[in-house]
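Below is one structure, written out as structure tokens; the observations come after it.
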Protein chains: 2
Amino acid sequence: MRDHELPEVRRLPLFRNMLAENFESLMRASYAQTFPAQLEMVRQGDPADLLHIVVEGAVELFSEWNGHQSTMAVVRPVGSFILAACIKDQPYLMSARTMARTRIILVPASDIRSVFRRDMEFAVSCMNELAGCYRAVVRHAKALKLRNSHERIAAYLYRQSRYAGDVATFTLTVEKRLLASYLGMTAENLSRALKALEADGVKVDGSRVIITDREKLKAIARPDYLIDGPDWDGSTSGVALPFPRNEEG
Amino acid sequence: MRDHELPEVRRLPLFRNMLAENFESLMRASYAQTFPAQLEMVRQGDPADLLHIVVEGAVELFSEWNGHQSTMAVVRPVGSFILAACIKDQPYLMSARTMARTRIILVPASDIRSVFRRDMEFAVSCMNELAGCYRAVVRHAKALKLRNSHERIAAYLYRQSRYAGDVATFTLTVEKRLLASYLGMTAENLSRALKALEADGVKVDGSRVIITDREKLKAIARPDYLIDGPDWDGSTSGVALPFPRNEEG
DNA sequence: CTCTCAGTTTGATATTTATCAATTCAAATT
DNA sequence: AATTTGAATTGATAAATATCAAACTGAGAG
């Protein structure tokens, strides 16, 4: 593992409150690995041996059934996945593949489980992380069940704009087909819906998004604190698409 | 609180491993209350002051947006909800209403938080509960995104039959409109789909379900361990519809 | 026993969403 | 600059799902 990586991992909400001694012991049991792009590193159904921490690159979490795939989340540095399976010692429910060349730290699940039993702060951090993940998926499920595709897209774009600092212009952080899959629709549907939304205050040109009428977009999106968040205390990783960067900063 | 209730609550996976002393202290801070049927006890967005434990009756967890509602889960005795909001000290993401006259034990969230900090076994139980809830919602989201309505229904019926002990006949545990909402479709769609499924090995008459051709139904449902579970260690409450009772037992 | 009422089913229709095929586009490579 | 390749878009169509209204049903109330 590289020198600069350890402090970064230590800064993760999951690890920042635990005793230094326990953190070090966890990290001694861990190892880092770099994967090329488009590699399926974890297959759904695999035993949950290792907690994964993304240090560089990006990872898509997706699930598969009957030949279809669906994107469930994207994890970027420095985020972790998938804690729940490690804690329960159960198989992964989702697969993971790199979206680019990606560096991962792998922490043995058994060490996770033994360390949180002797470090209350770590246990509390795990709980917060899990509770955050749970709430994020509940939000995702709510969006899928309560909104139609136009509304989901509008809400997504509105939220991205908000989180980038209420900017009028930003860039999509992921490919459209991945976004479509995350939002629970086909790429064709997303494409057509984006065009239709031009009448509702948002113009998308390639990966560039321009909000022409914030209020109109908001009227379609009807953003809701209990669906679109944030619970945002920075502790929740691996459960939603990443925020866009403010283009001015 | 009634005499027989305490041991029942104590038997919950969430509470069964903690120190007796801490359990008693938690329970001293708690109180029980009986609600009539069809009462909205928790409204989404409310501050999470209290962990709820269902002792008698049944509770529907649902969410609401823009005038639409969607059932997210049903909690039966002795199950708890909603731990995640209490742990994070964040507002509830879902509303809760009684489906029948229901008795609930209410545990102050602040006591939950302070007790798990001094009782590692309780902390571990909370973690297991949360991880289980997380995985259950991930499964729900996977089903919604990967299966169409016929497949979701078929999988639901197949699973209910399995959990009742591979019986050919069982009774639906919830109203059809609630089931429809849980499965992410309209009641009309459910009704028509059930009729269509008669060609695929299952007959539904009122609330009675008769599986006429298990293999045919299975072929439609394509049950999948990573969607339909179980993770079943009994520790997960409040995250899925209840199992049917085997009619022979 | 009849009445009432909520839940369910059915029918007709509209809307939403998916599918498949054909282009277009844009970035990366030769 | 030309070529290649995967992504994105567009068009035509089909399938899935929702909506609205009406009729039906069965369990509980009077």
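By convention in this document, chain letters (A, B, ...) are assigned in the order of the sequence lines, proteins followed by strands, and residues within each chain are numbered from 1.
Side-chain nitrogen and oxygen atoms of Ser191(B) include none within less than 4.0 Å of the OP1 or OP2 phosphate oxygen of dT8(C). The phosphate of dA18(C) has OP1 or OP2 within less than 4.0 Å of a side-chain N or O from Thr186(A). A close approach under 4.0 Å does not occur between any side-chain nitrogen or oxygen of Lys195(A) and OP1 or OP2 of dA8(D).
Distance, Ile153(A) CD1 to dT17(C) C1': 11 Å, rounded to whole Å. The distance from atom CG of Leu190(B) to atom P of dT9(C) is 7 Å, rounded to the nearest whole Å. Met185(A) has its CE atom 14 Å from the P atom of dA8(D), to the nearest Å. Rounded to whole angstrom, the span from the CG atom of Asp205(A) across to the P atom of dT24(C) amounts to 18 Å. Distance Leu146(B) CG to dA18(C) P: 12 Å, rounded to the nearest Å. Regarding Leu144(B), its CG atom lies at a distance of 18 Å from the P atom of dA16(D), rounded to whole Å. dA6(C) atom C1' lies 11 Å from atom CD of Gln38(B), rounded to whole Å. Rounded to an integer number of Å, the gap from Asn189(A) CG to dG11(D) P is 16 Å.
Distances from the side chain of Arg192(B) to the nucleotides dT19(C), dA12(C), dT17(D) place dA12(C) closest. Here the side chain of Glu188(B) is nearest to one of dT8(C), dT9(D), dT10(C), namely dT10(C). Proximity note for Glu175(A) (side chain, C-beta onward) versus dG11(C), dA7(D), dT17(C): the nearest is dA7(D).
Salt-bridge formation is not detected for the pair Lys195(A)/Glu198(A): no Lys NZ or Arg NE/NH1/NH2 atom is positioned less than 4.0 Å from an Asp or Glu carboxylate oxygen. At a threshold of 4.0 Å, the pair Arg2(B)-Glu56(B) counts as salt-bridged, since one of the basic side-chain nitrogens sits closer than that to a carboxylate oxygen. For the pair Arg147(A) and Asp228(A), the salt-bridge criterion is met [side-chain N within less than 4.0 Å of a carboxylate O].
A donor-acceptor contact closer than 3.5 angstrom links the side chains of Arg103(B) and Thr34(B).
Summary of the strand contacts: Ala187(B) and Asn148(A) both lie near DNA chain C, and taking for each the nucleotide with the nearest heavy atom, the more 5' one is attributed to Ala187(B). Across the interface with DNA chain C, nearest-nucleotide mapping of His150(A) and Gly206(B) shows Gly206(B) to be the residue nearer the 5′ end.
Taking the six-membered ring where tryptophan is involved, the planes of His52(B) and Tyr92(B) are perpendicular, since the angle between them exceeds 60° and thus also 30°.
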